[in-house]
Amino acid sequence: NISQTFHFGALLASTAVFPGLCILGLNVSNWIRVFSQNGADLGPESVIQISAVSSIVGAWVGAFPIPLDWDRDWQEWPITCMVGNLLGYMTGLVISAIHLCVRYNQLRKHKVT
C-alpha cells in the first residue's frame, strides 16, 4: 500500500497545495491570510481557498465507503479517496466560479450607485 498511499498523497498535494504554491509562493503570512476565515481577496486567492478546502473535504468524504463490506474492486484503498478528491476539487472550482460572479456583480452594483 506504500505506492498507492504515495500516489494519493501526490494527487491530494497537486489539488490542494500546488495551486497555492503557484499563486502565493512560500510566504507563510500569505498562506495564513488566505486560509483564515474571510481572509482571501476576490480573485485567484478565493479560488485557491475554495478549491483546496473542497478537495480535502472530498477526499475525506471519499473514505466513507472503504469500511463497508461490499467487497467491490472500486472500494479498495485509495480509489474512493482519489475519486472524492477529484470530485471535490471540480466542485470547488465550480463553486469558486459562482462565488466570483456573485461577488463581482455585488461590487459592481455598489461602485455604480
Side-chain angles (χ1 to χ4, degrees):
N1 287 344
I2 293 173
S3 173
Q4 295 166 339
T5 303
F6 173 78
H7 287 107
F8 170 63
L11 178 68
L12 189 60
S14 66
T15 57
V17 178
F18 186 69
L21 284 175
C22 291
I23 301 296
L24 302 173
L26 296 174
N27 190 351
V28 176
S29 62
N30 284 342
W31 283 83
I32 292 171
R33 181 179 51 80
V34 167
F35 287 100
S36 65
Q37 185 177 9
N38 299 327
D41 292 334
L42 185 61
E45 292 179 355
S46 63
V47 174
I48 290 169
Q49 180 189 32
I50 294 170
S51 63
V53 170
S54 62
S55 68
I56 292 170
V57 169
W60 181 71
V61 169
F64 284 133
I66 292 175
L68 300 175
D69 291 334
W70 292 341
D71 293 330
R72 303 281 192 253
D73 290 337
W74 60 266
Q75 203 176 0
E76 294 178 6
W77 168 258
I79 295 172
T80 57
C81 292
M82 288 180 142
V83 171
N85 178 21
L86 292 174
L87 289 176
Y89 182 68
M90 289 186 289
T91 303
L93 290 177
V94 170
I95 290 171
S96 62
I98 293 169
H99 171 73
L100 287 176
C101 288
V102 169
R103 289 289 296 150
Y104 176 74
N105 287 332
Q106 287 176 347
L107 290 173
R108 193 175 67 180
K109 283 182 183 178
H110 289 293
K111 286 185 180 181
V112 172
T113 58

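Computed from a prediction, not measured in an experiment: that's the story for all the values here. Residue numbers count from 1 along this sequence.
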ask   = Are Ile56 and Ile95 grouped together when hydrophobic residues (ILVMFWY) are joined by side-chain heavy atoms under 4.5 angstrom apart?
value = no

If two hydrophobic side chains count as joined below 4.5 Å and joins carry through other members, does Leu24 share a cluster with Leu26? yes

* Asked: Under the side chain to side chain contact (heavy atoms under 4.5 Å, CB included) criterion, do Ile23 and Asn30 qualify, and how do the steps go?
  -> CA-CA 10 Å; Ile23 301 296; Asn30 284 342; over 6 Å; no

Without swapping roles, check the side chain of Asn105 against the backbone of Cys101 for a donor-acceptor pair under 3.5 Å.
-> yes

Under 3.5 Å: donor-acceptor pair, side chain of Ser96, backbone of Gly92 = yes

From CA spacing to verdict: side chain to side chain contact (heavy atoms under 4.5 Å, CB included), Cys81, Ile66: CA-CA 9 Å; Cys81 292; Ile66 292 175; 3.9 Å; yes

| Phe35 reachable from Ile50 in the ILVMFWY side-chain graph, under 4.5 Å edges | no

Over 12 non-hydrogen atoms of neighbours within 6.0 angstrom of CH2 in Trp77 = yes

Exercise. Using the rule that two of Ile, Leu, Val, Met, Phe, Trp, Tyr join whenever any of their side-chain heavy atoms come within less than 4.5 Å, decide whether Val61 and Val53 are in one cluster.
Key: yes

**Q.** Phe64 atom CZ, over 12 foreign heavy atoms within 6.0 Å
**A.** yes

Residues Leu93 and Ser51: closest non-hydrogen pair is CD2-CB, 4.1 Å

Start with the C-alpha gap between His99 and Val47, add the side-chain angles, then the distance that decides, and say whether side chain to side chain contact (heavy atoms under 4.5 Å, CB included) holds.
-> CA-CA 9 Å; His99 171 73; Val47 174; over 6 Å; no

Shortest non-hydrogen pair, Ala40 vs Gln49, comes out as CB-OE1, 3.4 Å

In terms of heavy-atom contacts, Ser46 and Leu100 come closest through OG-CD2, 3.4 Å

Shortest non-hydrogen pair, Arg103 vs Gln106, comes out as NH1-OE1, 3.1 Å

| request: Report, as yes or no, whether the 6.0 Å neighbourhood of atom CG on Leu68 holds more than 12 heavy atoms from other residues, nucleotides or ligands. | output: yes

Nearest heavy-atom contact between Pro67 and Ala63 is CD-O, 3.5 Å

Note: Thr5 and Asn1 closest approach over all heavy atoms is OG1-O, 2.8 Å

Practice item. Answer yes or no: is there a donor N or O on one side and an acceptor on the other, between the side chain of Trp31 and the main chain of Leu21, under 3.5 Å? Key: no

- Query: If only atom types and distance count, is the side chain of Ser55 paired as donor or acceptor with the main-chain N or O of Gly88 below 3.5 Å?
  - Reply: no

query: Side-chain contact, heavy-atom cut-off 4.5 Å: Ile79 with Gln4?
result: no

